[in-house]
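Remarks on the structure that follows.
All values derive from a computational prediction rather than experimental measurement. For reference, positions follow the sequence shown, starting with 1.
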Amino acid sequence: MSFTSIRTIPSPEEIISMTPLDEHLKKVKAERDKEIKEIFSGKSNKLVVIIGPCSADDEDSVCDYVNRLAKVNEKVKDKLFIVPRIYTNKPRTTGEGYKGMLHQPDPEKSPNMLEGLISIRKMFIRAIKETHLTPADEMLYPSNHPYCDDLLTYVAVGARSVENQQHRLTASGVDVPVGMKNPTSGDLSVMFNSITAAHCKHDFLYRSNEVKTSGNPYAHAIMRGSVNKRGINIPNYHYEDLMRVLEMYKQHDFPNPAVIVDANHSNSNKQFAEQTRIIQEILHSREYNPELKQLVKGVMIESYIEEGCQKIDEHIYGKSITDPCLGWDATERLLYYMAERV
């Protein structure tokens, strides 16, 4: 074995007891969870908007951003269900670069996962306390999910993780909607296999325990575009792409068929400003076809205070240190536009 033990990390129960969510905020979380499930089950016609930085790297700027979302939310909450995207884990294709607050609570300091776990919970709790908006995060590491699952209203499984069995099994035990992204290859059958697995009951080994899950009836598809063998980004948000997913859903007997469209990544060819145009097209497709309006439950948008991105050592407040994002002014306009069209 070439592993070297650094420190023993407390259990999820211990970490949660160190950084608990107040009782009145637990009620806020329960109400938010109920509302998003009503959207995915078709009881509500609101549009889910999962929006925020590519990666959350600084508590103050992230909470500043979420407070701005909360002010807009007060004006659009009858049409939109805003879920702040507070992504604390960052998948890296080559393994290099900033991997998220779990590894590095401060991007310029050495990794310390215990500090990272505590920093993540404190940031989530602060955002919830200040805004009553409960967040979304990506489940990059299934075994770490219990450290924060009491704080999240939405969970995503990424394009590089969707084929992984442990992600699928863990998603089956999550109590909120879990979105399964299509893999980078674009193979939608892989995504549907993942959705099927998440709907099923499972008995498996998880964090040194044998566990049993009841299945997640809200597991669903996230369309994020793909990359072909030549490295070219191929979008899958167009009307024909959504119709194809609709037909694939009809071949399955899922209780709550749903699609979330990721407006960035391969769908935008990583051109962040294109997200506005892409959202406009998605809303048009929903208006044009009533079946798509029922199926497409929401969108994902990468947005922050300052547009674009920066290098880690530039220290520009509210600007992404990973993928480029929409700036706040464009974000605010887009949210109001969406509310008018839903």
Side-chain angles (χ1 to χ4, degrees), residues 39-42 47-48 50 91 93 136 138-140 142 154-172 174 177-200 202 215-270 274-275 278-279 281-286 288-302:
I39 296 170
F40 276 90
S41 66
L47 187 74
V48 176
I50 301 155
T93 303
E138 179 176 345
M139 186 171 65
L140 186 58
Y154 185 90
V155 175
V157 174
R160 297 168 185 81
S161 303
V162 74
E163 297 186 62
N164 181 271
Q165 186 72 355
Q166 195 73 5
H167 284 82
R168 295 175 173 188
L169 298 179
T170 305
S172 73
V174 175
V178 176
M180 302 294 194
K181 286 196 173 185
N182 66 262
T184 54
S185 68
D187 188 342
L188 299 186
S189 64
V190 170
M191 178 181 68
F192 272 92
N193 288 340
S194 187
I195 296 169
T196 300
H199 273 78
C200 295
H202 296 285
N216 188 334
Y218 302 101
H220 59 277
I222 301 177
M223 305 291 281
R224 53 87 70 200
S226 61
V227 183
N228 69 14
K229 293 180 180 180
R230 297 180 179 178
I232 298 172
N233 291 305
I234 308 296
N236 61 11
Y237 65 86
H238 295 303
Y239 180 84
E240 294 78 9
D241 300 304
L242 298 177
M243 289 300 297
R244 181 184 174 198
V245 179
L246 174 64
E247 293 306 313
M248 293 182 73
Y249 259 117
K250 290 179 179 180
Q251 298 171 22
H252 296 79
D253 190 27
F254 297 136
N256 304 299
V259 168
I260 298 290
V261 181
D262 182 345
N264 212 14
H265 297 100
S266 291
N267 270 334
S268 69
N269 196 28
K270 297 187 177 181
E274 290 295 296
Q275 292 181 99
I278 291 167
I279 295 296
E281 181 175 331
I282 293 164
L283 294 179
H284 176 73
S285 294
R286 291 176 84 247
Y288 181 76
N289 189 321
E291 286 189 293
L292 289 185
K293 189 167 188 176
Q294 289 184 342
L295 181 69
V296 179
K297 302 294 186 181
V299 295
M300 283 185 169
I301 302 167
E302 289 195 324

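Taking NE2 of His238 as the reference point, atom CG of Asn236 lies at 9.0 Å (rounded to 0.5 Å). Taken from OG in Ser189 to CG in Asn182, the straight-line distance is 11.0 Å, to the nearest 0.5 Å. Note: Ser268 OG to Ile279 CD1 = 10.5 Å, rounded to the nearest 0.5 Å.
Of the possible donor and acceptor atoms, none in the side chain of Asn267 sits under 3.5 Å from a partner among the backbone N and O of Ala263. Distance alone, capped at 3.5 Å, places no donor-acceptor pair between the Arg224 side chain and the His265 backbone. Side chain of His167 to main chain of Glu163: no donor-acceptor pair is present (N/O by atom type, distance under 3.5 Å, no hydrogens or angles). In this structure, Ser285 contributes its side chain and Glu281 its backbone to a donor-acceptor pair below 3.5 Å. Although no hydrogens or angles enter the test, the distance criterion places no donor-acceptor pair under 3.5 Å between the side chain of Asn164 and the main chain of Ser161.
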Carefully, step by step, assess Met248 and Leu188 under the rule side chain to side chain contact (heavy atoms under 4.5 Å, CB included). CA-CA 9 Å; Met248 293 182 73; Leu188 299 186; 3.8 Å; yes

List the steps and the verdict of side chain to side chain contact (heavy atoms under 4.5 Å, CB included) for Asn289 and Met243. CA-CA 9 Å; Asn289 189 321; Met243 289 300 297; 3.4 Å; yes

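In this structure the side chain of Met300 reaches within 4.5 angstrom of the side chain of Tyr154, judged on heavy atoms. A 4.5 Å side-chain heavy-atom check between Tyr237 and Asp262 finds every atom pair outside the cut-off. Looking at heavy atoms from C-beta onward, Met223 lies in side-chain contact with Met191 at the 4.5 angstrom threshold. Between Arg286 and Leu47 the shortest side-chain heavy-atom distance falls below 4.5 Å. Counting heavy atoms from C-beta on, the side chains of Leu242 and Leu246 never come closer than 4.5 Å.
Taking each heavy atom of His220 and Tyr249 in turn, the nearest pair found is CA-OH, 3.6 Å. For the pair Val162 and Arg168, the tightest heavy-atom approach, listed with the atom from each and the gap, is O-NE, 2.9 Å. The minimum heavy-atom distance linking Phe192 with His252 is given by the pair CD2-CE1, 3.7 Å. A pairwise comparison of heavy atoms in Ala136 and Ile50 identifies CB-CG2, 3.9 Å as the closest pair. The shortest non-hydrogen separation linking Gln275 to Asn264 is OE1-CB, 3.4 Å. Closest approach of Asn233 and Ser266 over heavy atoms only: OD1-OG, 2.9 Å.
When Leu295, Leu292, Ile222, Val299 are each tested for a side chain to side chain contact (heavy atoms under 4.5 Å, CB included) with Val259, only one passes: Leu295. For the side chain to side chain contact (heavy atoms under 4.5 Å, CB included) criterion with Val155, the lone passing option out of Asn216, Thr170, Val174 is Val174.
Classification of Lys181 and Glu138 as a salt-bridged pair fails, no side-chain N sitting under 4.0 Å from a carboxylate O. Ion pairing between a basic and an acidic side chain is recognised when a charged N comes within 4.0 Å of a carboxylate O; Arg244 and Glu247 show no such pairing.
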